[in-house]
Amino acid sequence: MPSTIFALVDCNNFYASCEKLFRPDLANTPVVVLSNNDGCIVARSKEAKQLGIKMGVPLFKVQKEMRQHGIVAFSSNYALYADISQRVMSTLESLTPAVEVYSIDEAFVDLTGIEPLQNLNDFGLMLRDKVQNWVGITVCVGIAPSKTLAKLANYAAKKWQKTAGVVDLTDPIRQRKLLALVPVNEVWGIGRKLSKRLELLGITTALQLADADAKYIRQHFSVVVERTVRELNGESCIELEQVIPTKQQIISSRSFGQRITCKEQMQQAISEYVSLACKKLRQQKQEAKYLTVFIRTSAFNQQHDLFSNSKSIALDTPSSDTRVFLAKAKQLLDMLWVNNFSYAKAGVMLTDFYNPGQHQLNLFTAPADKQQANHKLMQLIDNLNAKQDKTIWFASQGVKQAWSMKREHLSPAYTTNWRDLPIVK
DNA sequence: TCTGGGGTCCTAGGACCC
DNA sequence: TCTGGGGTCCTAGGACCC
């Protein structure tokens, strides 16, 4: 049986590319996409990268360059990106035996068994070509016998022009050549802290990590890093996961457009996040038992101390009913709230998930018919809001929402809202 | 003035039990 | 009351990812 061959397909500058897709006038213009609240730069077009705009910098720090070079900024438009992502993924699914959607802009693809029929590099070029023509998004393809090596091959395909966007790293000699060129911190799973510690041991390149003793690494680091060492040597330790595992936790949190100083506004914000989280919970058809609420001041304000507080509560029985969690969240906020702070961020977290109906009943469990009625009500609310967001909402979410996030450069929802469809003149 | 949000996995340490 | 090993379960925190 032949060993597995993985490809990592990764969209180039994904958010920025999505924004350009419906704006041919911006084809050669530097474009950046901002995080929620228009705070940081989270994506840059090729032109913006060339101008030296760094990933993750706060917008206010590069205002001068933005004006000087005529860089165009967009607020994050997740509805648009999710829809384009779906098109990329279904294109890949139509062309390959198995796809694991790894993130909004990346997928691992199973290319096992392609080789005797077709050259792998040619196959990669074909994938790239089809996605480009059918969706309009440019991707790079890295091919290798383990996911970690496929990631590295993709890094090379992105970094070096002459690869034409595809790197086949199935040959062990080629693997070692590339590994020697790549700094250890570019390896998948090796972040800032780990690379610091590895450098202390004299390990600065991916090749040195690959050549390290796996047992030693396990003892001094962890099983995760040991697995990385094995993967770098072409031993596949991380399987392709085609079925998306259901989430273990749901977090809904945001920084505020304006600081919150009064409890009523915080109450609204928390209620808003609770209803978002519960909606997600129902979408994945699960119930949760554990709710956490947290509030905090700005981590960047030098004048004031950071204040951060969180509290959790367990329900008697798991639920996905927004009203149940709203009531509990209110209790938690009463315990958490301290006057005289300017709060910058808050959030809620749902954990301890159950499949509906599969849990221990107790004395206080609502009777089945009552549960059914509650479930129907939530479904009705979700259906109404699916047609038009915020058709109905809970009074505690507030009407004015003065604290809601800034999105001053939002592009239209070209592909997901009838009113925003592009018009061909 | 202005610094994202949403996840996963692993490990260490405490509580508790036998 | 002291002594001790071994096991499980839970939680908090750290590190990573996109």
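A note on names: the letters A, B, ... follow the listed sequences, proteins ahead of strands, and every chain is numbered from 1.
For the pair A/R227 and B/dC9, the criterion of a side-chain N or O lying under 4.0 Å from OP1 or OP2 is not met. Close to B/dG5, at under 4.0 Å from its OP1 or OP2, lies a side-chain N or O of A/K345. Listed pair A/K193 / C/dA15 meets the phosphate criterion, a side-chain N or O lying under 4.0 Å from OP1 or OP2. Distances shorter than 4.0 Å separate none of the side-chain N or O atoms of A/K147 from OP1 or OP2 on C/dC17. A sub-4.0 Å separation between OP1 or OP2 of B/dG7 and a side-chain N or O of A/K280 is present. The side chain of A/S222 contributes no N or O atom lying less than 4.0 Å from OP1 or OP2 of C/dA15. Using a 4.0 Å cut-off, some side-chain N or O of A/R259 falls inside it from OP1 or OP2 of B/dT3. Note on A/S252: every side-chain N or O is 4.0 Å or more away from OP1 and OP2 of B/dG5.
Judged purely by distance below 3.5 Å, without hydrogens or angles, the side chains of A/K46 and A/N12 never pair a donor atom with an acceptor atom. When only modelled atom types and interatomic distance are considered, A/S275 and A/Q397 share a side-chain donor-acceptor pair under 3.5 Å. Judged by distance alone, the side chains of A/R323 and A/N374 do bring a donor and an acceptor atom under 3.5 Å apart. For the 3.5 Å distance criterion, the side chains of A/T204 and A/Q208 qualify, holding a donor opposite an acceptor.
Comparing atom distances between the A/F300 side chain and each of B/dC10, C/dC17, B/dG4 picks out B/dG4 as nearest. The side chain of A/S253 sits closest to B/dG5 out of B/dG7, B/dG5, B/dT3. Nearest nucleotide to the A/Q249 side chain, out of C/dC18, B/dT8, B/dT3: B/dT8.
The OH atom of A/Y78 sits 15 Å away from the P atom of C/dC18 (whole-angstrom rounding). The nearest whole Å value for the distance from the CG atom in A/N13 to the C1' atom in C/dC18 is 15 Å. B/dC10 atom P lies 14 Å from atom CG of A/L194, rounded to whole Å. Separating the CZ atom of A/R254 from the C1' atom of B/dC2 is a distance of 19 Å, rounded to the nearest angstrom. Distance CE (A/M405) to P (B/dC2): 18 Å, rounded to an integer number of Å. Note: CD (A/Q248) to P (C/dC17) measures 20 Å, nearest angstrom. Counting to the nearest Å, the C1' atom of B/dG4 and the CG atom of A/N36 are 6 Å from each other. Regarding A/K247, its NZ atom lies at a distance of 12 Å from the C1' atom of C/dC18, rounded to whole Å.
Looking at heavy-atom distances under 4.0 Å, A/E106 makes contact with sugar-phosphate atoms alone, never a base. Looking at heavy-atom distances under 4.0 Å, A/V187 makes contact with sugar-phosphate atoms alone, never a base. Counting non-hydrogen atoms under 4.0 angstrom, A/I250 reaches the backbone sugars and phosphates but no base. Contacts of A/I190 with the nucleic acid, taken as non-hydrogen atoms under 4.0 Å apart, involve only primed sugar atoms and P, OP1 or OP2. Note on A/V57: nothing from the nucleic acid sits closer than 4.0 angstrom, heavy atoms only. A/D105 comes within contact range of the sugar-phosphate backbone alone, with a heavy-atom separation under 4.0 Å but no base atom that close.
Using bins of under 30°, 30° to 60° and over 60° for the plane-to-plane angle, the ring pair A/Y81/A/Y15 lands in the parallel bin.
Minimum heavy-atom separation, A/I295 to A/A346: CG2-CB, 3.9 Å.
In this structure, B/dC18 forms a base pair with C/dG5, meeting either the Watson-Crick or the G-U wobble geometry with both donor-acceptor distances under 3.5 Å.
Distance noted for atom P between C/dC18 and B/dT3: 25 Å (whole Å).
Annotation: of the two residues near DNA chain B, A/M55 and A/T246, the 5′-most nearest-nucleotide partner is A/M55.
Note: A/F108 and A/W188 meet the aromatic proximity criterion, with ring centroids under 6.0 Å apart.
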